[in-house]
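Only one structure is covered here, and it is reproduced in the block below.
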Amino acid sequence: MTRRMRTVTARGHAKVNLHLGVGALRPDGYHDLVSVFQSLNLSDTVTLELAPDTDRVSEGTIVSGLSVTGMDAASVPTDDTNLAWRAVDKLVDHYRGHHDLEEAQRVHISIHKGIPTAGGMAGGSADAAAALVAAHALLSERLPALTSATLLEMAADLGSDVPFTLQGGTMLGTGRGEQLTPMLSRGTYHWALVFFKEGLSTPVVFRELDDMREQGTAPGPRMETEVLSKALLSGNPREVAGALHNDLEVPARHLRPDVEAMRRAGLDAGALMGMVSGSGPTVAFLCESELHARDVLDDLLADGAYSGTVAHGPAKGAHLIS
Ligand code: C5P
């Protein structure tokens, strides 16, 4: 008889940027951002399965392997370049350095993807945030729990969007996107999301924006969010629709003209507004209600060329589910 090993599972949520203003390229290779993030109920799950008690290591990675199922699974790395794997390593290194962790039981990571990969919806960041939460739950059973400030610092080291996916809700992000302030937002917003088979690389889209600005073919940074802040307080999706903005939309459209064709199709189908999510290529359509979002999506997916889903926000940050 095989004994089932102990598992811990956490969920990490996708995000859309209701506003994404991109400033100058900094010496460290990042751009200054003003971003308004909203988490969505679309999510991935990350499960850590503990190896038998005798399978322990005192140095190096505790991860014995990583497997991926679900959407775009074949394009997700299954080695230590995966952000979830790096998140577990980072947490273990912290406990080794600060809390005398000598030996740790090895773990296998299983990720189930509901968020598209390289789609501009922070799928990799959501996995990292969920892996941090799950690994922290395991390690803090015997060792001191870490403060949320420490976890957020680790999250920022892993990637610019990881702190937000850890926290969730609706937040203003500044710096490279990792410095967060909660924003007041009333109501629930319903989205129709259209995914593309081929993803877009985030650094390539940022570089394209810099190149286009140099050539004068992309507008300068738009960093004000006052109109959007007021709209979010109204709880009225029509007001919010009028205040959505993404500086990365112009370069994403330039790299992938099919994105603009889809955005127009969504507006023709009756969406309040359509925009590229983050660095794209996912196109997010804000709708009046869940029913409206379903109608718009049905229209856009009718010919079978694209996939997509409806989702709503704001949703939670990364959290344990079992
Ligand atoms: O932080 P993260 O590793 O997710 O960023 C991926 C890439 O996106 C960076 O290497 C950089 O090219 C670009 N980026 C940027 N400015 C930001 C965030 C990301 O240029 N604020």
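Start at 1 and go down the list; that is how both ligands and their atoms are numbered. The first residue in the sequence is number 1, and the count goes up from there. The figures here come from the full heavy-atom set of this structure, side chains too, leaving out hydrogens, waters and symmetry mates.
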Out of all atoms in ligand 1, which are within 4.0 Å of some heavy atom of [X]? Include the element for each.
{"X": "His31", "answer": "15 (C), 16 (N), 17 (C), 20 (O), 21 (N)"}
{"X": "Thr202", "answer": "8 (O)"}
{"X": "Leu33", "answer": "21 (N)"}
{"X": "Arg176", "answer": "1 (O), 17 (C), 18 (C), 21 (N)"}
{"X": "Gly159", "answer": "1 (O)"}

- Message: Show, in sequence, the C-alpha distance, side-chain angles and deciding distance for Arg96 and Asp93, and conclude whether the salt bridge (charged side-chain N to carboxylate O under 4.0 Å, His left out) test is met.
- Response: CA-CA 5 Å; Arg96 281 177 178 151; Asp93 282 349; 3.7 Å; yes

- Considering only heavy atoms, does Tyr30 approach ligand 1 within less than 4.0 Å through its side chain, its backbone, both, or neither? both

- Query: Can you find a non-hydrogen atom of Gly29 under 4.0 Å from ligand 1?
  - Reply: yes

- Message: With nothing but distance in play, are any N or O atoms of Asp161 less than 3.5 Å from an N or O of ligand 1?
- Response: no

- Option from Thr47, Thr78, Leu66 for which side-chain contact (heavy atoms from CB on, under 4.5 Å) with Ile109 holds: Leu66

- Task: Look at Arg26 together with Asp32 and state whether they make a salt bridge at an N to O cut-off of under 4.0 Å.
- Result: yes

- Does the pair Glu290/Arg294 count as a salt bridge with the N-to-O cut at 4.0 Å? yes

So which heavy atom in the protein is nearest [atom], and how far is it from that ligand atom?
{"atom": "atom 12 (O) of ligand 1", "answer": "Pro203 CB, 3.5 Å"}
{"atom": "atom 4 (O) of ligand 1", "answer": "Ser160 N, 3.7 Å"}
{"atom": "atom 13 (C) of ligand 1", "answer": "Phe206 CD1, 3.5 Å"}

- Message: Testing the 3.5 Å rule here: is there a donor-acceptor pair between the side chains of Ser277 and Thr282?
- Response: no

- Count the heavy atoms belonging to other residues, nucleotides or ligands that lie under 6.0 Å from CG of Asp79, then report whether that count exceeds 12. yes

- Query: Is the count of non-hydrogen atoms from other residues, nucleotides or ligands lying under 6.0 Å from Glu102 atom CD greater than 12?
  - Reply: no

- Query: Going through the checks in order, is the ring pair (Phe, Tyr, Trp, His ring centres under 6.0 Å) test met by Phe195 and Tyr306?
  - Reply: CA-CA 6 Å; Phe195 308 141; Tyr306 293 91; over 10 Å; no

